[in-house]
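Here is the structure we will look at, set down as structure tokens.
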Amino acid sequence: MIMAFMTSCGQNTASKDNEGDPDRASADGGQDAGDGETGNGTGTPADSSGQAGTDDGAQGQAGGQDAVFAIDFEDRTTQGFSGRGGSEVLTVTDEANVTAGGGYSLKVTNRSETWHGPSLRIEKYVEEGAEYKFSVYVRLIEPASTQIILSTQIGSGESASYFNIAQQNVSASAGWVKLEGPYRYVAAGDYITIYVESSSPNASFYIDDVTAEQTGKAVSGIQTDLVPIKDVYKNDFLIGTAISLQDTYGKRLELLKMHHDVVTFGNEMKPESLQRTKGKFTFSTADRMVENVQKAGLRIHGHTLVWHQQSPMWMNQSSKDVYLGREEALENLRTHIRTVMEHFGDKVISWDVVNEAMNDNPSNPEDWRKALRKSPWYYAIGDDYVEQAFLAAREVLDEHPEWDIKLYYNDYNLD
Ligand SMILES: [Ca+2]
């Protein structure tokens, strides 16, 4: 069976404590880097102060009458921003500024997790169904470079969803860099934030001129006078796409159902989503998605049982760069695979058993051992961890001959 998965621009999925969906981040890496270098949309203090002499300073960076908010820290308060993790230190400072005619920005220090960063509650600004364009200027202090991500969180606790709005590789020497992107709030609610995080857990940075403007009204319905994509290819392969919780409701679900045969979850079945703490499985969000899409008649491809990212450290490490022994790591691997597969049973038609175990563009693809990514699983178990994962998954299937589930290895950039 062949499945074609399509992802749509601007719908990167992000997890709370990861640099977004690394599947997507990898694929988009070149493009992101390009954005940062073209100068298109990026700003520098010189650019902004240059405009200050002629523009009305009150207009700020918001740009136009659709502005929802424009935050510049010129009142010397944090203007509603708070630390996402609670331990971050947010300081309004005159050390840096990007606002035309202004002098202050928000300095973010003492981060210790990738998902830490300044966060702003915005639910009072968000109209369900409408699209907004967000932008923020970021100036990296340290390390020398990292990926900075502007994201939005919808909902809180276990039902929260996370989406990347914009992401860019930023260097400290680049000065102020503008991150900008759109997001349409198909589902809203009583807890929505935008926040800035980074792939380096300890990065410090300034932010300034945080703006939002409404760029699109609520969508009234889906276009139904089209031939569904799944019908066009019904004799060739299944049509699938990656989704998150909010795609399993309302018009988004109608659109999914119209064009697709199968879906996979961007983050909600990844190891850190299902077993962040050893022995404590958290299936509630994934279960809700399974129920919603199955009611709509969609099939599900499970993603992913074993991966080197978005997996909790306890699975294969005792501390940073210290790896568990082979037997302990194997037991963790097998327990996770078995528990997850038995939980979802034949609600899925297939699983990505192992994801992205190979290096990008390996120099000698003939030598698969040397091409293996030096990941925590590799260090803890050895170069047969991929095989061991498939054996563990096969064992579960052998105990359930009534299930018709295919096992896949998933990767990219191996041509
Ligand atoms: Ca400012």
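Counting starts at 1 for both ligands and their atoms, following the listed order.
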Not counting sequence neighbours, which residues clear salt bridge (Lys or Arg N to Asp or Glu O under 4.0 Å) with K295? List them please. E291
Kindly write out the residues that satisfy side-chain contact (heavy atoms from CB on, under 4.5 Å) with K280, not counting sequence neighbours, or none if the list is empty. T277
May I ask you to decide whether R121 forms a salt bridge with E123, counting only side-chain N to carboxylate O separations under 4.0 Å? yes
Y125: what forms a side chain to side chain donor-acceptor pair (under 3.5 Å) with it, not counting sequence neighbours? none
Are any of the side-chain nitrogens in E180 or K178 under 4.0 Å away from the carboxylate oxygens of its partner? yes
If only side-chain N and O atoms count, and only distance matters, is there a donor-acceptor pair under 3.5 Å linking Q153 with R84? yes
Return the set of protein N, O or S atoms whose distance to the Ca ion (ligand 1) is under 3.0 Å, each given as residue and atom. D72 O, E74 OE2, N97 OD1, T99 OG1, Y104 O, D208 OD1, D208 OD2
